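Data block below; observations after.
The structure displayed is predicted, hence computed values, not measured ones. Side-chain atoms are counted along with the backbone in the values below, which use heavy atoms only and exclude waters and symmetry mates.
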Amino acid sequence: MQPQLPAHIGYPVVAIGDLHGRVEWLDKLVAKLRRRPEWPHTKLVFLGDLVDRHFEVRALVSRVLELLAEKPGSTCVAGNHDLALVRAAGLDGTPSAEWAQRYGRNYDHQWTFRSYLGRTPDFLPAGKWEHELQELKAAMPAEHRAFLAGLPWVAEAEGHVFLHNGLSPELDCPAAVQLECLHRKLWDRAVVSPRFGTETDRLFHPEYPVWLGADKRLSANPLPLPGKVQVSGHVQVPAPDANRVRIRIDTSGGVTEPLTACVLTGPNAEPVFVFSNE
């Protein structure tokens with residue numbers, strides 16, 4: 001049975017960076033985490049991008065579901081790759097024509113197709129790509145479809161916020177309002193008010209929130225959220241990168257080890273990093 005994904009979690013928390021089908025790296029990382037004293041009481045937070053870039057996406061999603069079931073109170077937030085698949089294939093309802101084009105053009109989707117369908121998709125003749133997306137949806141276990149479609153956009157602990165990218169200084173609404181929009185999955189120009197003349201204003205996409213990846217600059221320089229540190233992935237970094245505003249832990253990008261976990265024992269605790277290959 002699919003676990004209920006909470007919006008608020010307690011400590012100790014272990015955040016795990018972008019996975020992109022790398023179930024073998026996750027298994028190595030979890031084996032190390034199990035030896036830590038925090039493990040019996042740990043809550044897990046996966047930072048999104050479960051799909052694409054590797055042929056073991058199906059096994060990876062299954063493993064994440066197993067770990068969430070093992071650790072009640074744990075969660076997983078949506079990444080831009082997860083959002084792209086959900087919207088393009090209509091895992092949450094009617095497929096988006098815009099996301100179908102974007103997913104086919106900009107994402108390493110062929111690996112997800114290979115994982116669930118055993119083959120790469122075709123784009124021709126006209127209309128074939130949309131049919132292929134529906135074939136992919138039909139091949140996915142119902143539990144996987146429901147899980148990916150239902151991923152929250154954010155999770156909170158007392159001193160930390162977990163999201164795929166970061167809050168934006170180019171929206172004319174404060175960090176607390178952006179956080180509430182994330183909880184409500186609300187991305188509406190009239191509510192978030194992109195500041196006139198900014199990149200967010202010029203490139204605003206009504207189906208692609210900047211917080212999930214549309215503005216990569218937010219990984220390094222998010223709008224500060226008073227009282228909380230933002231823990232994110234999305235942009236691959238050579239090593240974990242932490243300051244008083246944010247912690248970035250996507251050291252693999254699904255391409256190269258290590259996969260990184262960030263251990264947080266309390267709201268003011270210094271982060272401890274655990275790596276899959278050390």
Side-chain angles (χ1 to χ4, degrees), residues 1-5 7 18-21 46-65 68 75-155 163-165 181-189 191-192 203-214 234 254:
M1 183 171 62
Q2 182 178 324
Q4 182 68 35
L5 299 180
D18 304 26
L19 291 166
H20 289 295
F46 297 96
L47 295 178
D49 276 6
L50 306 184
V51 304
D52 302 334
R53 294 189 182 166
H54 195 259
F55 64 86
E56 290 191 315
V57 168
R58 180 174 183 152
L60 183 279
V61 174
S62 292
R63 184 76 80 252
V64 167
L65 285 167
L68 292 175
T75 192
C76 176
V77 300
N80 59 311
H81 282 256
D82 311 311
L83 178 70
L85 170 59
V86 167
R87 296 285 172 83
L91 303 187
D92 59 349
T94 303
S96 161
E98 172 65 29
W99 267 112
Q101 294 180 16
R102 186 182 291 266
Y103 190 52
R105 185 174 62 243
N106 296 335
Y107 290 83
D108 302 311
H109 60 267
Q110 65 270 20
W111 299 102
T112 300
F113 276 85
R114 289 178 186 175
S115 184
Y116 285 104
L117 277 174
R119 60 175 176 81
T120 54
D122 292 324
F123 290 87
L124 295 173
K128 180 66 172 177
W129 170 237
E130 289 75 13
H131 177 75
E132 294 283 66
L133 285 167
Q134 292 312 297
E135 289 282 312
L136 173 61
K137 178 180 178 179
M140 297 176 70
E143 185 181 34
H144 288 203
R145 296 196 304 266
F147 170 61
L148 292 169
L151 290 176
W153 289 0
V154 69
L163 71 169
H164 189 61
N165 195 17
C181 288
L182 276 157
H183 278 298
R184 296 172 57 189
K185 293 188 174 181
L186 178 62
W187 177 245
D188 186 315
R189 178 185 279 273
V191 176
V192 299
L203 302 176
F204 187 87
H205 191 293
E207 295 189 57
Y208 192 2
V210 292
W211 313 303
L212 270 65
H234 187 46

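A donor-acceptor pair is defined here as one N or O able to donate and one able to accept, closer than 3.5 Å; no such pair exists between the side chain of Q110 and the backbone of T120. Formation of a donor-acceptor pair under 3.5 Å by the W99 side chain with backbone atoms of E207 is found in this model. Judged by distance alone, with hydrogens and angles left aside, the side-chain atoms of W129 form a donor-acceptor pair with the main-chain N or O of A100 at under 3.5 Å. W187 places a side-chain N or O within 3.5 Å of a backbone atom of H205 that can act as its donor or acceptor partner. Formation of a donor-acceptor pair under 3.5 Å by the K185 side chain with backbone atoms of L151 is found in this model. Proximity of a side-chain donor or acceptor of D82 to a complementary backbone N or O of D49 within less than 3.5 Å is detected.
Contact annotation: the side chain of L50 never approaches that of V57 to less than 4.5 Å [non-hydrogen atoms, C-beta and beyond]. Counting heavy atoms from C-beta outward, E98 and Y208 have side chains that stay 4.5 Å or more apart. Looking only at side-chain heavy atoms (C-beta outward), P141 and V61 stay at 4.5 Å or farther from each other.
No hydrogens or angles considered: nothing links the side chains of T112 and H54 as a donor-acceptor pair under 3.5 Å. If you check the side chains of H234 and H164, you find a donor sitting under 3.5 Å from an acceptor. Looking only at atom types and distance, the side chain of E56 has no donor-acceptor partner in the side chain of S115 under 3.5 Å away.
Here salt bridge (Lys or Arg N to Asp or Glu O under 4.0 Å) pairs that include residues 104-114, with residues two or more places apart or in two chains, are R53-D108.
When all heavy atoms of T75 and P152 are compared, the pair lying nearest together is OG1-CG, 3.9 Å. Heavy atoms only, all atoms of each residue included: A89 and L133 are closest at CB-O, 3.9 Å. Taking each heavy atom of L5 and C76 in turn, the nearest pair found is CD1-O, 4.1 Å.
A cation-pi arrangement is present between R189 and F204, with the terminal nitrogen or guanidinium carbon under 6.0 Å from the aromatic centre and inside a 45° cone about the axis.
For Y107, the ring pair (Phe, Tyr, Trp, His ring centres under 6.0 Å) partners two or more places apart in sequence, or in a different chain, are H81, Y103. Residues passing the ring pair (Phe, Tyr, Trp, His ring centres under 6.0 Å) test with F55, sequence neighbours excluded: none.
Remark: L85 CG to N80 CG distance equals 11.5 Å, nearest 0.5 Å.
Within a 6.0 Å sphere centred on CZ of R184, heavy atoms belonging to other residues, nucleotides or ligands number 12 at most.
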